[in-house]
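Basis for what follows: all heavy atoms, side chains included, without hydrogens, waters or symmetry-related copies. Since we're looking at a predicted model, the values are computed, not measured.
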Amino acid sequence: MVRLSGKSAATRISLNGVAEWLHNVISSKVFLVVGFLWFFFQSSVIALTTRFGLPPDETYHYDFIKLFTDSGWLPFLSSQDGHYVLGEAVKTPFFIYHYLFSLPNHFLGDGDFAIIFLRMLNVILGLGSLYLLYKIAKFVKLSDFAANLVIFLSASTLMFVFISGSISYDNLFILVTLFAILTLLKILKKPRLPELLYLATALLVGLLIKKNFIVVAALILGIVLIKLLRDKNFLSAVKTVNLATIKSRPSYLVLSFFILILSIVFVQRYVVNTIKYGNFEPKCTAVLAVEKCRENHVFARDEMLDNMQRPPAEKKRYQYISDWSILMSERTYGVFAHTSFAPRANILFLIQTLLILGFAAIIRGLNLKNKNLNLILLISFIYIGALMLENYMRYERYGSFTFAIQGRYALPFVLLIYIAMAYYACQVIRRKQIVYLVASLAIIVFFLSSLPSYIQLTNKDWRNQPTNNARSSLVKFLGQD
């Protein structure tokens, strides 16, 4: 038998001690709070310092909010000819984010303060998404160590941080998606009236936020339908919900009232539009004259792309999947906006390596008996697959590989996949010291890829004028060039 030397044994004991200490730190409530505070600090810095209009579609979203502000307190816009954006706003189903944000905007007026205030409201939505992610992690039985790790990695995913510090309906989309999935998990465990009402509300709200939610709603409704058809006990429990139980509590009545209002709006925006225009989201030319439509740069761009000679889509499907995955990682862990940057090559390589290890852990440890976690993976992979397919169809149509590939579109499901990666990594790696050390490496890498990278890779063109003025004053005070 070969014995360890005294020095080797001491080194091993030392490494084990360090690993256990790291486990205790990451598992602590303090580290969980640090994760939330780190996210709040980063997204607040971005909200306070970033030049208006630089985040994706921020000008459009702000203008849409102002349209509702100028039209009063109700979610209705008078149909006017003269402006493409207004014509689109009158008919589009995807307006509820802008209407909700128009309510506080009545008290803000125009200017920098209004923009900062609305951005900080989006930061709160991001915090809410993190909280729901933590609730999902604990619902699927993640340990404190794994759940806290998921929160810190999510809080350091740069595109999530960046969009949370911006005026964007993606923030409400992420929040409602995570809420709907958490509610679905609870219903599948035990269908109760509050969760059924919450799920109905979430689905209707989500369908009025963003087109991407249609896939989420279809998956959730399909899962519930399959459960109803296959599980008689589940069906019996759902049947106990009736008007009498709804009347039993005022909160149920309030939720039911909101569901009724949302259902009316859904019918008006989806069903009526489809009957009248042949599409739930009418084309601009179905609402306004083509000359008015061309006043909008998006319409003009798409019309130009449709009419110009385009390069052929030459990538094979397997090559497209590989290249798409790499570009998505760049646009998730970097920033893709009206000005963009990818993470530094060494940081991106480490992140991609950690993600590959995470996927390997999922494949190696996949347990079909863990229905909740498998359901999360199923929904996540189908949604991401649908997103990839939609991007591929655009590639075939326009011949541009990078066109419309956005990391922010996949964000809620990237965060959910972190849960599966953390869970299965803890299951399949027998030596827990390795798990703790790799988790610590992931924390360091993700930390460096977040706000530190953002500060390092941006310049004065990214910052608003007050920030640039303050920075210049500080540099002068310190006596630097």
Checklist entry - Would Ile384 and Ile417 count as a side chain to side chain contact (heavy atoms under 4.5 Å, CB included) if you check the C-alpha gap in whole Å, the side-chain angles of each, and the deciding distance to 0.1 Å? => result CA-CA 11 Å; Ile384 291 174; Ile417 289 172; 3.7 Å; yes

Next on the checklist: To the nearest 0.5 Å, what is the distance between CG on Leu100 and CG on Asn105?
Outcome noted: 12.5 Å

Next on the checklist: I'd like to know whether OH of Tyr131 has more than 12 heavy-atom contacts from other residues, nucleotides or ligands below 6.0 angstrom.
Outcome noted: no

Checklist entry - Shortest non-hydrogen contact from Ser440 to Leu22? => result OG-CD1, 3.2 Å

Checklist entry - Thr50 side chain to Ala47 main-chain N or O, any donor-acceptor pair under 3.5 Å? => result no

Checklist entry - Would you call Glu195 and Lys190 a salt bridge, using N to O less than 4.0 angstrom? => result no

Item to check | Contact summary for Gly53 and Thr59, nearest pair of heavy atoms | outcome: CA-OG1, 3.5 Å

Checklist entry - Looking at side-chain heavy atoms only, is the closest gap between Asn122 and Ser164 below 4.5 Å? => result no

Next on the checklist: Please determine whether the number of non-hydrogen atoms from other residues, nucleotides or ligands lying under 6.0 Å from atom CZ of Phe41 exceeds 12.
Outcome noted: no

Checklist entry - Which heavy atom of Ile209 sits nearest a heavy atom of Ile96, and at what distance? => result CG1-CG2, 3.6 Å

Checklist entry - Which word best sums up how the rings of Tyr333 and Phe446 line up, parallel for under 30°, tilted for 30 to 60°, or perpendicular for over 60°? => result perpendicular

Next on the checklist: Contact between Met388 and Tyr392 at the side-chain level, heavy atoms closer than 4.5 Å - yes or no?
Outcome noted: no

Checklist outcome for this item: CD1 of Ile136 to CD1 of Ile419, rounded to nearest 0.5 Å, is 5.5 Å

Checklist outcome for this item: Heavy-atom closest pair (Val428 atom, Gly365 atom, distance to 0.1 Å) is CG1-CA, 3.3 Å

Checklist entry - Hey, do the aromatic rings of Tyr395 and Tyr320 have their centres closer than 6.0 Å? => result yes

Next on the checklist: Test side-chain hydrogen bond (donor to acceptor under 3.5 Å, both in side chains) on Asn212 and Tyr383; report intermediate values, then the result.
Outcome noted: CA-CA 9 Å; Asn212 297 49; Tyr383 175 90; 3.1 Å; yes

Checklist entry - Looking only at atom types and distance, does a side-chain atom of Asn171 sit under 3.5 Å from a main-chain N or O of Ile163, one as donor and one as acceptor? => result yes

Next on the checklist: How about NZ on Lys432, more than 12 heavy atoms from neighbouring residues, nucleotides or ligands closer than 6.0 Å, or not?
Outcome noted: yes

Item to check | Atom of Tyr424, atom of Asn370 and distance for their closest heavy-atom approach | outcome: OH-CB, 4.2 Å

Donor-acceptor contacts, no H, no angles, side chain residues 214-226, under 3.5 Å, sequence neighbours left out:
none

Checklist entry - Is it true that a side-chain atom of Tyr198 and a backbone atom of Leu255 form a donor plus acceptor pair closer than 3.5 Å? => result no

Checklist entry - Yes or no on side chain to side chain contact (heavy atoms under 4.5 Å, CB included) for Thr402 and Leu327, after CA distance, side-chain angles and deciding distance? => result CA-CA 8 Å; Thr402 61; Leu327 186 58; 3.9 Å; yes

Next on the checklist: Is it the case that atom CZ in Phe258 sees more than 12 heavy atoms from other parts of the structure closer than 6.0 Å?
Outcome noted: no

Item to check | Minimum side-chain heavy-atom gap Asp170-Leu411 below 4.5 Å | outcome: no

Next on the checklist: Taking atom CZ as the centre, does Phe179 end up with more than 12 heavy-atom neighbours from other residues, nucleotides or ligands that are less than 6.0 angstrom away?
Outcome noted: yes

Item to check | Check against side-chain hydrogen bond (donor to acceptor under 3.5 Å, both in side chains), Glu58 and Tyr62 | outcome: CA-CA 6 Å; Glu58 187 174 53; Tyr62 184 59; over 6 Å; no

Next on the checklist: Ring of Phe401, cation from Lys315 - is the NZ or CZ under 6.0 Å from the centre and inside 45° of the axis?
Outcome noted: yes

Checklist entry - Would you call Phe94 and Lys211 a side-chain contact if the rule is heavy atoms closer than 4.5 Å? => result yes

Checklist entry - Taking atom CG of Leu366 and atom CG of Asn374, what is their separation to the nearest 0.5 Å? => result 5.0 Å

Contacts under 3.5 angstrom, residues 144-162 side chains, donor-acceptor by atom type, not counting sequence neighbours:
{"unit_1": "Asp144", "atom_1": "OD1", "unit_2": "Lys138", "atom_2": "NZ", "d": "2.7"}
{"unit_1": "Asn148", "atom_1": "ND2", "unit_2": "Ile26", "atom_2": "O", "d": "2.8"}
{"unit_1": "Asn148", "atom_1": "ND2", "unit_2": "Ser27", "atom_2": "O", "d": "3.3"}
{"unit_1": "Asn148", "atom_1": "ND2", "unit_2": "Ser28", "atom_2": "O", "d": "3.0"}
{"unit_1": "Asn148", "atom_1": "ND2", "unit_2": "Asp144", "atom_2": "O", "d": "3.4"}
{"unit_1": "Ser154", "atom_1": "OG", "unit_2": "Val150", "atom_2": "O", "d": "2.8"}
{"unit_1": "Ser156", "atom_1": "OG", "unit_2": "Trp38", "atom_2": "NE1", "d": "3.1"}
{"unit_1": "Ser156", "atom_1": "OG", "unit_2": "Phe152", "atom_2": "O", "d": "3.0"}
{"unit_1": "Thr157", "atom_1": "OG1", "unit_2": "Leu153", "atom_2": "O", "d": "2.8"}
{"unit_1": "Thr157", "atom_1": "OG1", "unit_2": "Tyr418", "atom_2": "OH", "d": "2.9"}

Next on the checklist: Let me confirm one number: the CZ-OG distance from Phe101 to Ser168, rounded to the nearest 0.5 Å.
Outcome noted: 9.5 Å

Checklist entry - Under 6.0 Å between ring centres, would you say that holds for Phe68 and His98? => result no

Checklist entry - Does atom OH of Tyr398 have more than 12 heavy-atom neighbours, drawn from other residues, nucleotides or ligands, at distances under 6.0 Å? => result yes

Checklist entry - Are any non-hydrogen side-chain atoms of Val445 and Leu448 less than 4.5 angstrom apart? => result no

Checklist outcome for this item: Between the CG atom in Leu348 and the OG atom in Ser449, the distance rounded to the nearest 0.5 Å is 9.5 Å

Next on the checklist: Strictly distance-based, threshold 3.5 Å: is any side-chain N or O of Gln433 a donor or acceptor partner for the main-chain N or O of Ala19?
Outcome noted: no

Checklist entry - Mind checking whether Tyr409 and Lys210 have side chains closer than 4.5 Å, heavy atoms only? => result yes

Checklist entry - Could you go step by step and tell me if Met328 and Trp324 meet the side chain to side chain contact (heavy atoms under 4.5 Å, CB included) rule? => result CA-CA 6 Å; Met328 278 292 284; Trp324 183 90; 3.6 Å; yes

Checklist entry - Is the centre of the Phe173 ring less than 6.0 Å from the centre of the Tyr169 ring? => result no

Checklist entry - If every non-hydrogen atom of Lys227 is compared with every non-hydrogen atom of Leu188, which pair is closest and at what distance? => result CG-CD2, 3.8 Å

Checklist entry - In terms of side-chain geometry, is the basic nitrogen of Arg408 or Asp57 positioned less than 4.0 Å from the acidic oxygen of its partner? => result yes

Checklist entry - Roughly how far, to the nearest 0.5 Å, is OG of Ser263 from CD of Gln268? => result 13.0 Å

Checklist entry - Should Arg119 and Pro55 count as side-chain neighbours, where that means a heavy-atom distance under 4.5 Å? => result yes

Next on the checklist: Please determine whether side chain to side chain contact (heavy atoms under 4.5 Å, CB included) holds for the pair Met421 and Phe359, giving the CA-CA distance in whole Å, both sets of side-chain angles, and the decisive distance to 0.1 Å.
Outcome noted: CA-CA 6 Å; Met421 287 180 172; Phe359 281 116; 3.5 Å; yes

Next on the checklist: Please verify the inter-ring angle class for Tyr134 with Phe36; under 30° counts as parallel, over 60° as perpendicular, anything in between as tilted.
Outcome noted: perpendicular

Next on the checklist: Any heavy-atom pair between the side chains of Leu199 and Lys186 that's under 4.5 Å?
Outcome noted: no

Checklist entry - For the ring pair Phe95 and Tyr99, is the centre-to-centre distance below 6.0 Å? => result no

